[in-house]
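Reading through the structure tokens given below for one structure.
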Amino acid sequence: KAISEDLHISVERAKEIYASVMYAFPDLEKYERDSKQMARDLGYVTTLFGRKRRLPDIQLPKYEIRYKNGTKPSAYACTQIANKLNKLWFEDRKKAIEEYAKDGIIIKDNGGFIARAERQCVNARVQGSSGEQVKLALYNIANDKELNRLGFVPLLTIHDEIIGECPILTAKDASIRFKYIMEHTMDKYMSVPSKCDLTISKCWYGEEVHL
């Protein structure tokens with residue numbers, strides 16, 4: 001659905017695009033599958049450097065079933081109810097849960113929480129690792145002798161951007177060194193090459209200066 005909304009196309013076309021990408025990059029599908037399994041097994045996923053993003057909702061049961069008095073039906077009864085609900089579409093399942101409630105059986109559907117946690121699995125690992133890459137690059141930039149000599153000073157980070165300033169006379173040389181550090185910071189940690197888009201301007205989002 002997100003692909004459909006972002007690209008302003010039908011859900012069917014979005015599914016085709018998603019399937020074609022997964023077919024072209026089978027390791028991507030494996031990464032997604034492994035990330036979800038990690039969360040199911042551990043309750044969290046880890047970034048490239050081992051930071052944890054806890055996703056406890058992925059370990060919730062699909063349905064929590066109890067009587068109004070707080071007691072639970074037998075395991076067999078719960079399985080029968082769950083099997084019936086799984087065969088229904090969302091709206092029909094919602095109506096069925098309301099009907100069960102009239103008979104004194106309270107059902108909490110955790111499907112939405114589980115699905116959200118599954119979507120967050122890959123994003124947490126990729127975005128978290130990207131954040132680590134920027135932090136490591138920022139450290140390398142701040143401690144680079146060549147950039148220090150050229151008068152480059154890092155100012156702040158905005159998501160995956162690093163903004164800094166230096167004298168206009170050394171900006172070209174500083175940009176070359178800056179770009180090299182950004183693109184090679186992760187060489188020891190991953191085989192996928194990194195790309196850095198660099199812009200020189202007098203202010204953030206200002207007109208680009210060509211040196």
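Starting from 1, each residue takes its place in the sequence as its number.
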Within the distance-only criterion (no hydrogens, no angle test), does the side chain of Asp92 pair as donor or acceptor with the backbone N or O of Leu88 below 3.5 angstrom? no

Measure the spacing between CG of Leu136 and CG of Asn140 and express it to the nearest 0.5 Å. 5.0 Å

I'd like to know if the side chain of Thr157 reaches the main chain of His159, judged simply by a donor and an acceptor atom lying under 3.5 Å from each other, with no hydrogens or angles considered. no

Show your working on side chain to side chain contact (heavy atoms under 4.5 Å, CB included) between Met38 and Thr46 and close with a plain yes or no. CA-CA 9 Å; Met38 178 191 293; Thr46 58; 3.8 Å; yes

Are Leu198 and Ile162 co-members of a hydrophobic cluster defined by side-chain heavy atoms under 4.5 Å apart? yes

Student check: side-chain heavy atoms of Ile97 and Ile106 closer than 4.5 Å: no

Residues Glu32 and Lys36 bridged, charged N to O under 4.0 Å: yes

Flag the pair Arg54 / Lys52 as yes when at least one side-chain heavy-atom distance between them is below 4.5 Å, and no otherwise. yes

Judged by atom type as modelled, is there a donor-acceptor pair below 3.5 Å linking the side chain of Thr170 to the main-chain atoms of Leu150? yes

Review item, side-chain donor-acceptor pairs of residues 172-180, under 3.5 Å, at least two apart:
unit_1 : atom_1 : unit_2 : atom_2 : d
Ser175 : OG     : Ala171 : O      : 3.4
Ser175 : OG     : Lys172 : O      : 2.6
Arg177 : NE     : Asp144 : OD1    : 3.2
Arg177 : NE     : Asp144 : OD2    : 3.1
Arg177 : NH2    : Asp144 : OD1    : 2.7
Lys179 : NZ     : Glu183 : OE2    : 3.1
Lys179 : NZ     : Cys196 : O      : 2.5

CZ/Phe49: more than 12 non-hydrogen atoms of other groups inside 6.0 Å: yes

Candidate pair Arg125 and Ser35, rule side-chain hydrogen bond (donor to acceptor under 3.5 Å, both in side chains), full reasoning: CA-CA 8 Å; Arg125 299 187 77 189; Ser35 297; 2.9 Å; yes

Show your reasoning for whether salt bridge (charged side-chain N to carboxylate O under 4.0 Å, His left out) applies to Glu16 and Arg13. CA-CA 5 Å; Glu16 291 176 3; Arg13 179 56 182 151; 3.0 Å; yes

Which pair of non-hydrogen atoms, one from Arg66 and one from Pro73, has the smallest distance, and what is that distance? CA-CD, 3.9 Å

Please walk me through it: do Leu85 and Tyr100 pass side chain to side chain contact (heavy atoms under 4.5 Å, CB included)? CA-CA 11 Å; Leu85 294 175; Tyr100 276 114; 4.2 Å; yes

Would you say Val126 and Tyr31 make side-chain contact, with heavy atoms under 4.5 Å? yes

Does the side chain of Ile114 reach to within under 4.5 Å of the side chain of Asp57, using non-hydrogen atoms? no

Above 12 or not: heavy atoms from other molecules or residues under 6.0 Å from NZ of Lys84? no

Measuring from atom SG of Cys78 to atom CD of Glu64, what distance do you get when rounded to the nearest 0.5 angstrom? 11.0 Å

Applying a strict under-4.5 Å side-chain criterion to I, L, V, M, F, W and Y, I'd like to know whether Leu42 and Ile58 cluster together. no

Looking at CD of Glu165 and CG of Leu155, how far apart are the two atoms once the value is rounded to the nearest 0.5 Å? 4.5 Å

Hey, does Leu28 have a side-chain heavy atom less than 4.5 Å from the side chain of Lys30? no

Would the distance check show the side chain of Asp109 and the main-chain N or O of Gly111 forming a donor-acceptor pair, the cut-off being under 3.5 Å? yes

Is Tyr139 linked to Ile181 within one hydrophobic cluster, defined over Ile, Leu, Val, Met, Phe, Trp and Tyr using a side-chain heavy-atom separation of less than 4.5 Å? no

Do Thr185 and Ser194 have side chains that get closer than 4.5 Å, going by heavy atoms? no

Intermediate values then yes/no, side chain to side chain contact (heavy atoms under 4.5 Å, CB included), Asn86 and Tyr63: CA-CA 10 Å; Asn86 286 336; Tyr63 304 105; 2.8 Å; yes

Side chain Ser129, main chain Leu48, donor-acceptor under 3.5 Å: yes

Side chains of Trp204 and Ile158 in contact at under 4.5 Å (non-hydrogen atoms): yes

Is Ile107 linked to Tyr67 within one hydrophobic cluster, defined over Ile, Leu, Val, Met, Phe, Trp and Tyr using a side-chain heavy-atom separation of less than 4.5 Å? yes

Do Met182 and Ile141 touch side chain to side chain, with heavy atoms closer than 4.5 Å? yes

Taking a hydrophobic cluster as the set of Ile, Leu, Val, Met, Phe, Trp and Tyr residues connected by side-chain heavy atoms closer than 4.5 Å, whether directly or through intermediates, do Val209 and Phe152 fall within one such cluster? yes

Any sub-3.5 Å donor-acceptor pair from Gln59's side-chain atoms to Arg40's backbone N or O? yes

CE (Met22) and CD1 (Ile17) are apart, to the nearest 0.5 Å, by 13.0 Å

Shortest non-hydrogen contact between Ile65 and Ile81, atoms and distance: CD1-CG2, 3.9 Å

Please name the pair of heavy atoms, one in Asn110 and one in Pro61, separated by the smallest distance, quoted to 0.1 Å. ND2-O, 3.0 Å

Kindly give the heavy-atom pair with the smallest separation between Leu55 and Ala117, and that separation in Å. CD1-O, 3.9 Å

Between Glu132 and Thr47, a side-chain donor and acceptor under 3.5 Å: yes

Nearest non-hydrogen partners of Cys121 and Val45, listed with the distance: O-CG2, 3.9 Å

Less than 4.0 Å between a side-chain N and a carboxylate O, is that true for Glu146 and Arg149? yes

Without swapping roles, check the side chain of Ser4 against the backbone of Ile9 for a donor-acceptor pair under 3.5 Å. yes

Asn143 vs Asn148, side chain to side chain contact (heavy atoms under 4.5 Å, CB included): CA-CA, chis, key distance, verdict: CA-CA 7 Å; Asn143 292 279; Asn148 287 336; 5.7 Å; no

Minimum heavy-atom separation for Pro154 and Leu138, please, with both atom names. CB-CD1, 3.7 Å

In plain terms, say whether Lys202 and Glu207 are close enough for a salt bridge, that is, a side-chain N and a carboxylate O under 4.0 Å apart. no

Does a side-chain N-to-carboxylate-O contact under 4.0 Å join Glu99 and Lys102? yes

